[in-house]
Amino acid sequence: MARTPYRPEGIDDAFSTGESSSARPDGSSPAPAARPTAPAIGVRGMLRWMWRQLTSMRVALLLLMLLAVAAVPGSVLPQTSQDAAAVAAYLVDHPTTGPWLEAAGFFDVYSSVWFSAIYLLLFVSLVGCILPRTAAHWRALRGRPPRTPRRFARFPAQATGTSSAAPEAVADAAVLHLRGRRRVLPIFRVERGEEPATANRPATATVAAERGYLRESGNLLFHLALLGLLVSVATGQMLHYRGQAILVEERGFANSVVDYDTFENGALFDPTSLEAFTMTLDRFESEFDAVGTPRDFTAYVTVTEPGGEPTSETIKVNHPLDAGDAKIYLQGNGYAPDVTVRDADGEVAFAGPVPFIPEDQVYTSRGVIKVPDVSPGLEQIGFVGYLLPTAVMEDGGARSVYPQPGNPQLVLDVYTGDLGLDEGVPQNVYSLDTDDMTPSTEEDGTPTTIVLGVGDTVDLPDGGSITFEDLPRYVALDLRHDPALGFILTFSLLALGGLAVSLFTPRRRVWLRTWAEDGRTVVEVAGLARHDDAGLQGQVDDLLADLPGIGAGDDDTSSDDTTSDDTTTNGEADGPAPRKADR
Amino acid sequence: MSIAEFSTDLVWGAATVLAVSLIAFAMDLAQVSARRAEASRAEEQSDAAPAAESADSAGASVSSAVEGGTPSGGSTATVTATDEAPQRRRAAGIGVSTAWLGTILLGVAIAARGVAAGRAPWANMYEFTLVGAFVALVVFLGVNVRRDIRWLGAFVTGIAILFIAVAQVNFFVPADGLQPALQSYWLVIHVGVAIIASGIFTVAFLMSVLQLLRDSRDEGSAILNRRGWGWLELTPTPTRLEGLSFRLNAVGFVLWTFTVIAGAIWAEHAWGRYWGWDPKEVWSFVVWVVYAAYLHARTTRGWSGRRAAYFVLVGYACVIFNFTGVNLIFNGKHSYSGM
């Protein structure tokens, strides 16, 4: 039930009806009824009609709802951009629906055609709405407050009083009070007026004041800032780069594309423009509480900018390091067992740290050691298995009970044969292709499982040996550069500010009329607000109290409004029948 | 007894006091409802006035106010919140006092929890839920200082007790330090503002529910005009409820916008990207869009009133899902429930 706020005569405009003066043209406004046959509107007419539809509030509302619904699948289904492996697993698990979903873009929801279409249409709609509104608001800003109505009796907030000062002085004081100290951005826009004497009243001085233009200003700012935000994000996408690198303790890294494990950049970024700083991981420290919950991670690094001195820095979670034009984030950490593998001829076939990937809270880490460079005539060797930082041996095998290296053990299965590396097909370094390999077995035929602690050397069943030399740590680093970040932040904050201003700025009109009568000055004040406004009566009372020479007279301020919280009903109950609202 | 145990016990104490408050508020609603039923019965006996009139005059009961708000006679049809003499609402007064007491106890419990853990007390689901209930209570009591919204008391205390019980029974984790990803002052800002926004959305949601119920009753819904629903007359008109709900939702929406921006800044610091469509980010975005749609619906012809209120319901459902479902079902970067 749409109750209509009482609208005094003479000021019947969008302000008092509650409709924004700048509301979108609405498709639902009652169409001219007498048009049974639509005339041919032609292509241009059709386009105009479509544009009007697109920029109508109703369609904007529809698009907003669609946007909310369209965003949901991306949280339910795995997304390629976040977890490509999960998408692959989903496709294996759902052979029927998976390919359909993939074709429809459900694994890349936020870059899919339909999601993009919705938000782009929304922004087109926004532009089509905002530009005319900006023009209208620009004109409104130079308009004048509405004229002082004849009668104040019906306004939701009123106050009357008498003053010992002259009417002119009272009106001037009211202007000052309403306008505030600043002339540039006045609280109220104020206009003084005079009314000649009528049959039942002497000549009066009037003040008409209006505030709340900032509301529309804030609204426009909010929407324009959203537009700026979209453009900034898109620009950042074009100019950004992001790379991941794994860095083992005491190893170095140079900022060039070949040194990254993965690297991606926007269409407009030139990879040769990378700033060639180098970085060494001096050591990595981690802290865990008694039950193994992580408490602190710190990577101590040495950074050397081109032509600069080496500087010691730290990288922590939440505290990225600025190097070159990039930020370096600590994204992960783990153990990289340093092993030496000798082949059956006793030659060192492999030596160095191999990063193992932690799979749980206690850093049970899975890894693969590939040994392709064996002596001629020998078969290649592959190891796959786990590192257990604090291993506990049990009947069924070994498991890790704590993330710190209390009793590190490598538990490895051994394969011999062809690693498949010579075919030129890129391989995942964290998985072993055992198609052309055979597991090494004990003499009784059970698969061989090697268990070795730091410093141990174990002979391999098919000849050769493996030595667990040391257990350095590694860090997974993200390097990222996005030149649009500052713009994105700025537009976000502008949007926030515009939103707050547009929602919290009260829209009020205040009028004052004062005249001399029986040797004193009578003052009448009335206030009108859009929507329900708890502070309106206070505004009117403050104004009256601030006028010069106000004394205790027949002062019946706050006639019926301070306690009752239903001003519209009061106006409706005893007032004349209100005009039917046109909404 | 450790500070952490003290905090947990005090939370139960607060829940108990709030239960007393809930009973008092409910009695208040029931008393007014009963009085109203009595009055309308008396009216039927005396002059068999059409029953519909009482429903119509619910919004503008100026006439009954003039009569001094004494519903004992046969002539008064309606009793509204504003007309009631203070001593007639003794139960509501007890409700407000006990709600204050319960809120203060809950606040002390939350502070003790923070002391025990040595950090801001809103780092996991348990603490988030407690603080959310606290904020909802504070919003209710704060608004109640300026305008009488005691008719909402039973619902706010009810939902606060529900939150506290769920937190204590289902979400409880011992007070502990923070994992590295959460060690940032953004925890205080981002999560703190998110809880405040959630608490405000909670109160606004209750108002919108009442708005829909009251509107249906006024429109002559058969179910809502049965005897048990007489307490709805205590609420303001649907238009006023809509206005109250909107104001709170507007504050909540601005705070939610800030939450999302602050979250993006923090994500940029901690994860190296400001937005990555993590499940929590997706649902925060959905919440934002739904409430944005609500604000637009309010100013669209044919969508204001009831339809806009449905947006509040959907939006609040998304807020709740964003908190519970996303934390417990999906495996994202925001998995800080501690469970």
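If you're wondering where the values come from, they're calculated on a predicted model, not measured in any experiment. We name chains A, B, ... by the order of the sequence lines, and we start the count at 1 in each one. Note that these values count all heavy atoms, side chains included, but never hydrogens, waters or copies made by symmetry.
In this structure, chain B has a heavy atom under 4.5 Å from the side chain of A/Phe504, while its backbone stays farther away. Both the backbone and the side chain of A/Val76 come within contact range of chain B, judged by heavy atoms closer than 4.5 Å. In this structure, the portion of B/Ile265 lying under 4.5 Å from any heavy atom of chain A is its side chain and not its backbone. With a threshold of 4.5 angstrom between heavy atoms, B/Glu268 approaches chain A through its backbone and through its side chain. Both the backbone and the side chain of A/Arg295 come within less than 4.5 Å of a heavy atom of chain B. When heavy atoms are compared at a cutoff of 4.5 Å, A/Asp289 approaches chain B solely by way of its side chain, counted from C-beta outward. Both the backbone and the side chain of A/Val233 have a heavy atom closer than 4.5 Å to some heavy atom of chain B. Using a 4.5 Å cut-off between heavy atoms, B/Ile261 touches chain A through its side chain atoms alone.
At least one donor-acceptor pair under 3.5 Å links the side chain of B/Lys280 to the backbone N or O of B/Asn322. Under the 3.5 Å distance criterion, the side-chain polar atoms of B/Arg217 are matched with a main-chain donor or acceptor of B/Leu224.
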Run B/Arg150 and B/Asp148 through salt bridge (Lys or Arg N to Asp or Glu O under 4.0 Å) and show every step you take.
CA-CA 6 Å; B/Arg150 287 179 292 179; B/Asp148 184 359; 3.1 Å; yes

Apply side-chain contact (heavy atoms from CB on, under 4.5 Å) to the pair B/Phe201 and B/Ile320, showing each step before the final yes or no.
CA-CA 10 Å; B/Phe201 281 143; B/Ile320 291 295; over 6 Å; no

Let's go through B/Trp275 and A/Tyr110 carefully: what are the C-alpha distance in whole Å and the side-chain angles of both, what is the deciding distance for ring pair (Phe, Tyr, Trp, His ring centres under 6.0 Å) to 0.1 Å, and is it a yes or a no?
CA-CA 11 Å; B/Trp275 195 265; A/Tyr110 306 106; 9.0 Å; no

Starting from the C-alpha separation in whole Å, work towards a yes-or-no answer on side-chain contact (heavy atoms from CB on, under 4.5 Å) for A/Val109 and A/Leu77.
CA-CA 9 Å; A/Val109 166; A/Leu77 294 167; 5.9 Å; no

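Separation of atoms CG (A/Leu126) and CZ (A/Arg133) is listed at 8.5 Å; rounding is to 0.5 Å. With rounding to the nearest 0.5 Å, the separation of CZ in A/Arg480 from OH in A/Tyr241 is 11.0 Å. Separation of atoms NE2 (A/His223) and CG (A/Asn219) is listed at 5.5 Å; rounding is to 0.5 Å. Atoms CG and CD1, from A/Leu62 and A/Ile118 in turn, are 9.5 Å apart once rounded to the nearest 0.5 Å.
Contacts between residues 281-294 of chain B and chain A, defined by a heavy-atom separation under 4.5 Å, are made by B/Val282, B/Trp283, B/Phe285, B/Val286, B/Trp288, B/Val289, B/Val290, B/Ala292, B/Ala293.
Contact count against chain B (heavy-atom pairs under 4.5 Å) is highest for A/Val72 among A/Asp83, A/Val72, A/Leu479, A/Leu63. Contacts with chain A were tallied for B/Phe311, B/Phe258, B/Trp303, B/Phe253; B/Trp303 has the most, counting heavy-atom pairs under 4.5 Å. Here A/Asp296 is the residue among A/Asp296, A/Leu330, A/Asp478 with the most heavy-atom pairs under 4.5 Å with chain B. With respect to chain A, the highest number of heavy-atom pairs below 4.5 Å among B/Asp278, B/Asp176, B/Val314, B/Val260 belongs to B/Asp176. Considering only heavy-atom pairs separated by less than 4.5 Å from chain A, the leading option among B/Glu242, B/Arg273, B/Gln183, B/His269 is B/His269. Counting heavy-atom pairs under 4.5 Å between each of A/Glu287, A/Arg242, A/His319 and chain B puts A/Arg242 at the top. Between chain A and the options B/Gly272, B/Ser184, B/Ala297, B/Ala250, the largest number of non-hydrogen pairs under 4.5 Å is found for B/Gly272.
Around the CD atom of A/Glu285, the shell of radius 6.0 Å holds more than 12 heavy atoms that belong to other residues, nucleotides or ligands.
When A/Thr298, A/Val475, A/Ile315 are each tested for a side chain to side chain contact (heavy atoms under 4.5 Å, CB included) with A/Phe284, only one passes: A/Val475.
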Donor-acceptor pairs are to be reported for all side-chain atoms of residues 485-500 of chain A against protein atoms at under 3.5 Å, with residues two or more places apart or in another chain.
residue: A/Thr490; atom: OG1; partner: A/Gly486; partner atom: O; Å: 2.7
residue: A/Ser492; atom: OG; partner: A/Ile488; partner atom: O; Å: 2.7

